[in-house]
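Read the structure below first, then the notes.
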Amino acid sequence: MIAITGTPGTGKSSVAKILQKKGYRVANVNQLAREYGCVDESEGVVDVKKLSEIVPNLDYDFIEGHLSHLLNIDVIIVLRCNPRELKRRLESRGWGMDKILENVEAEIVDRILIESIERSSNVHEIDTTYKTPEEVAEIIEDILKGKMCPVGKIDWISEIEDEIERFMRK
């Protein structure tokens, strides 16, 4: 089983739909959590520990969702997106600015990538910024065939350094 994870807006759900159309068995973390009673209903929060105990017994090729890297899965694919584009995507969904900034910050500081590396030695990283979901799905199929998409090649801080400097001067 392979986790497809990343900050909201990086393309996980779109890629998952394409992989499903190609015949792969794909599950969504939130749907699994609801199905197996792994959601704290009072807060609406997924009980990742409880779900981690269930996941190894399930028969899926992929589990998709921004929490999937926290489950008991050996292979993790982290989808990444340039923070400028990520902000645009989240704005187009009608998200509030606080939530957008929280997720853009998480992307800039590699939060999900770092958490993934802490949990597995088999982590792949794909920049989805200028790729269609179909292209990303093809890269994922290449990973299934043994292609490596090593981590550490994406550095958003360097790419937005000028914006950070302008912000710091204010």
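Side-chain atoms are counted along with the backbone in the values below, which use heavy atoms only and exclude waters and symmetry mates.
Inter-residue side-chain proximity for Val39 and Val45 is flagged as unmet; no heavy-atom pair is nearer than 4.5 Å. Taking the side chain as every heavy atom from C-beta outward, Leu144 and Tyr24 approach each other to under 4.5 Å. Counting only heavy atoms from C-beta outward, the side chains of Leu58 and Leu32 approach each other to under 4.5 Å.
Contact detail for Ser92 and Arg89: the closest heavy-atom pair is OG-O, 2.6 Å. Counting all heavy atoms, side chain and backbone alike, Asn30 lies closest to Asn28 at N-OD1, 2.8 Å. Residues Trp95 and Ile100 share a closest heavy-atom pair of O-CD1, 3.4 Å. Scanning both residues, Ile112 and Gly6, for their nearest heavy atoms gives CD1-C, 3.3 Å. The heavy-atom pair separating Trp156 from Glu107 by the smallest distance is NE1-OE2, 2.8 Å. Taking every heavy atom of both residues into account, Asn122 and Ser120 meet most closely at N-OG, 2.9 Å.
Remark: side-chain polar atoms of Ser14 are not paired, donor with acceptor, to backbone N or O of Gly11 under 3.5 angstrom. At least one donor-acceptor pair under 3.5 Å links the side chain of Ser52 to the backbone N or O of Val48. A donor-acceptor pair under 3.5 Å links the side-chain atoms of Lys12 to the main chain of Thr7, judged by distance alone. A donor-acceptor contact shorter than 3.5 Å links the side chain of Asp61 to the backbone of Arg25. With hydrogens and angles ignored, the 3.5 Å screen pairs no side-chain donor or acceptor of Thr128 with any backbone N or O of Lys131.
Val26 and Met1 end up in different hydrophobic clusters when Ile, Leu, Val, Met, Phe, Trp and Tyr side chains are linked at under 4.5 Å. Cluster membership check: Ile54 shares its hydrophobic cluster with Leu71, using side-chain heavy-atom separations under 4.5 Å among Ile, Leu, Val, Met, Phe, Trp and Tyr. In the hydrophobic cluster analysis, where Ile, Leu, Val, Met, Phe, Trp and Tyr join through side-chain heavy atoms closer than 4.5 angstrom, Val123 is grouped apart from Ile4. Leu79 and Leu67 are members of different hydrophobic clusters when ILVMFWY side chains are connected at heavy-atom separations under 4.5 Å. Ile139 and Ile18 end up in different hydrophobic clusters when Ile, Leu, Val, Met, Phe, Trp and Tyr side chains are linked at under 4.5 Å.
Salt bridge present: Glu102 and Lys99 bring a charged side-chain N and a carboxylate O closer than 4.0 Å. Under a 4.0 Å N-O distance rule, the pair Glu125/Lys153 does not qualify as a salt bridge. With respect to the salt-bridge test (charged N to carboxylate O, under 4.0 angstrom), the residues Glu141 and Lys145 do not qualify.
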Walk me through whether Lys49 and Asp47 qualify under side chain to side chain contact (heavy atoms under 4.5 Å, CB included). CA-CA 6 Å; Lys49 185 176 179 180; Asp47 183 339; 3.7 Å; yes

Can you check side chain to side chain contact (heavy atoms under 4.5 Å, CB included) on Val136 and Thr132, steps first, answer last? CA-CA 6 Å; Val136 175; Thr132 65; over 6 Å; no

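A donor-acceptor contact under 3.5 angstrom links the side chains of Thr5 and His69, judged on distance only.
Atom CG of Asn57 has more than 12 neighbouring heavy atoms from other residues, nucleotides or ligands inside a 6.0 Å radius. Heavy atoms of other residues, nucleotides or ligands lying less than 6.0 angstrom from NZ of Lys21 number 12 at most. Within a 6.0 Å sphere centred on NE2 of His66, other residues, nucleotides and ligands contribute 12 heavy atoms or fewer.
One finds the CD1 atom of Ile117 at 11.0 Å from the CD atom of Glu115 (value rounded to the nearest 0.5 Å). Here the straight-line distance linking atom CG of Asp74 with atom OG of Ser121 works out to 7.5 Å at 0.5 Å rounding. To the nearest 0.5 Å, atoms NE2 (His124) and OG (Ser116) are separated by 11.0 Å. The SG atom of Cys149 sits 9.0 Å away from atom CD1 of Ile140, with the distance rounded to the nearest 0.5 Å. Atom CD of Glu85 is separated from atom OH of Tyr130 by 7.0 Å, given to the nearest 0.5 angstrom. Between the OH atom in Tyr60 and the CD1 atom in Ile73 there is a gap of 12.0 Å [rounded to 0.5 Å].
Partner of Arg80 under the side chain to side chain contact (heavy atoms under 4.5 Å, CB included) criterion, out of Leu113, Val151, Ile126, Leu86: Leu113 alone.
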